[in-house]
Protein chains: 2
Amino acid sequence: MLTIGKLGRAAGVKIPTIRYYEQIGLLPEAERSAGNQRLYSRKALDRLTFIRHARGLGFTLEAIRDLLSLSDTPDQPCAAADAIAKAQLSEIEKRLTRLASLKVELKRMVAQCAGGRIADCRVIEVLGDHSLCATDHDHPQGGDSQ
Amino acid sequence: MLTIGKLGRAAGVKIPTIRYYEQIGLLPEAERSAGNQRLYSRKALDRLTFIRHARGLGFTLEAIRDLLSLSDTPDQPCAAADAIAKAQLSEIEKRLTRLASLKVELKRMVAQCAGGRIADCRVIEVLGDHSLCATDHDHPQGGDSQ
DNA sequence: TCTTGAAGCTACAGTAGCTAGAGACATTAG
DNA sequence: CTAATGTCTCTAGCTACTGTAGCTTCAAGA
């Protein structure tokens with residue numbers, strides 16, 4: 001049985017994050033010692049490692065919740081897990097495309113800045129006037145992660 | 001003078017977002033009509049357009065705040081604006097690199113899934129065991145935007 | 001002039017995914 | 001036994017908004 005600090009070190013997850021995961025039901029409530037401290041089994045470590053790894057790949061906690069509940073039913077077909085992973089992949093591809101075009105735009109902007117006075121600064125100018133810019137990065141919504 | 005709805009449409013920014021920007025001091029407090037409704041000048045539209053455009057390029061509100069205060073002093077050298085833009089560029093390049101490696105990893109994972117049962121699912125398996133994975137996407141911090 | 005529907009107002013709560021801090025209790029090494 | 005470290009709960013904060021409730025104001029048509 002591990003205390004929370006050891007579990008955290010073993011899985012590479014910070015202590016408050018573990019407690020947070022428990023709070024939102026991603027980890028089951030931990031057993032407690034006589035003095036009310038959380039105690040974790042090897043199984044809990046596996047689960048937390050799974051979560052950390054999936055987070056590292058950019059899966060949302062909701063997606064991870066689904067993957068975890070799938071992994072609890074090993075006889076089911078794995079189409080659902082596959083679908084979640086594919087969705088995540090296409091999400092990442094979308095972000096990549098968008099970031100690539102932002103990069104081009106920024107590079108252009110920075111390259112044009114001659115280092116003079118603000119009044120002549122292309123950075124400021126381009127930001128102030130959309131018509132000076134090539135791309136139309138016009139979808140101001142959308143939250144990323146990682 | 002524009003009301004908030006027209007300003008929003010003109011700049012491509014939602015009404016609550018405009019009020020939010022005012023609340024956090026990114027936009028100055030608007031003039032008010034006799035009936036207490038916000039009224040905006042052409043200058044306010046320019047400022048909001050600037051903000052929207054910069055947000056579209058992924059600048060944080062803090063960076064935008066700095067850029068705006070720079071643009072209010074047109075005789076200063078523009079090195080500071082240049083630095084902000086360059087920092088943003090390198091931030092985006094970092095994210096691009098990271099996303100690209102996540103994509104590779106996810107693709108590999110998805111490709112290996114034969115579509116059988118969960119018990120044999122590579123997606124679940126890879127997520128559960130970091131040693132099965134090539135890259136070390138091990139920096140679980142970092143907030144993206146756009 | 002009256003009415004009606006759209007647009008605007010304030011204030012507060014909620015989102016994701018944590019992180020940080022206060023103040024008290026538990027455990028362990030020496 | 002003491003001191004140091006670890007853990008506990010609880011609350012608030014972060015970014016950049018978005019959504020809701022319950023109201024008031026405005027502009028256009030009858």
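Throughout, protein chains are lettered first and strands after them, A, B, ... in sequence-line order, and every chain is numbered starting at 1. Side chains are part of it too, since the values below use all heavy atoms of this structure and drop only hydrogens, waters and symmetry mates.
Taking only side-chain nitrogens and oxygens, B:T3 never comes nearer than 4.0 Å to OP1 or OP2 of C:dA7. Within the 4.0 Å cut-off from OP1 or OP2 of C:dG17, at least one side-chain nitrogen or oxygen of A:R55 is found. Applying the 4.0 Å criterion to OP1 and OP2 of D:dC8, one finds that A:R19 has a side-chain N or O inside that range. Between A:T17 and C:dG17, a side-chain N or O to OP1/OP2 separation shorter than 4.0 Å is absent. Using a 4.0 Å cut-off, some side-chain N or O of B:R32 falls inside it from OP1 or OP2 of C:dT10. In this structure, A:K14 does not reach the C:dC18 phosphate: none of its side-chain N or O atoms is under 4.0 Å from OP1 or OP2.
The distance between atom CG of B:L61 and atom P of D:dA16, rounded to the nearest whole Å, is 4 Å. Between A:R52 atom CZ and C:dC18 atom P there is a gap of 12 Å when expressed in whole angstrom units. Counting to the nearest Å, the P atom of D:dC17 and the CD atom of B:E62 are 13 Å from each other. Rounded to whole Å, atom P of C:dG17 lies 14 Å from atom CG of A:L27. Per the geometry, CD1 belonging to B:I51 stands 13 Å off C1' belonging to D:dA16, to the nearest Å. Rounding to whole angstrom units, OH of residue A:Y21 and P of C:dC18 are separated by 4 Å. Rounded to whole angstrom, the span from the CD atom of B:Q37 across to the P atom of D:dA27 amounts to 8 Å. Here the C1' atom of nucleotide C:dG14 and the CD1 atom of A:I24 are 15 Å apart, to the nearest Å.
Of the charged side-chain nitrogens involved, at least one lies within less than 4.0 Å of a carboxylate oxygen, so that A:R122 and A:E125 count as a salt-bridged pair. Contact check on B:R117 versus B:D120 returns a salt bridge, with a Lys/Arg side-chain nitrogen under 4.0 Å from an Asp/Glu carboxylate oxygen.
Out of C:dT10, D:dT18, D:dC8, the shortest distance to the side chain of A:R38 is found at D:dC8.
Between A:S33 and B:I15, the residue anchored closer to the 5' end of DNA chain C is B:I15, taking for each the nucleotide with the nearest heavy atom.
Here the side chains of A:E91 and B:L106 are not in contact, with every heavy-atom distance at 4.5 Å or above. At a threshold of 4.5 Å between non-hydrogen side-chain atoms, the residues A:K107 and B:L89 count as touching.
Following chains of ILVMFWY side-chain contacts shorter than 4.5 Å, one cannot reach A:V110 starting from B:L96, and the two form parts of different hydrophobic clusters.
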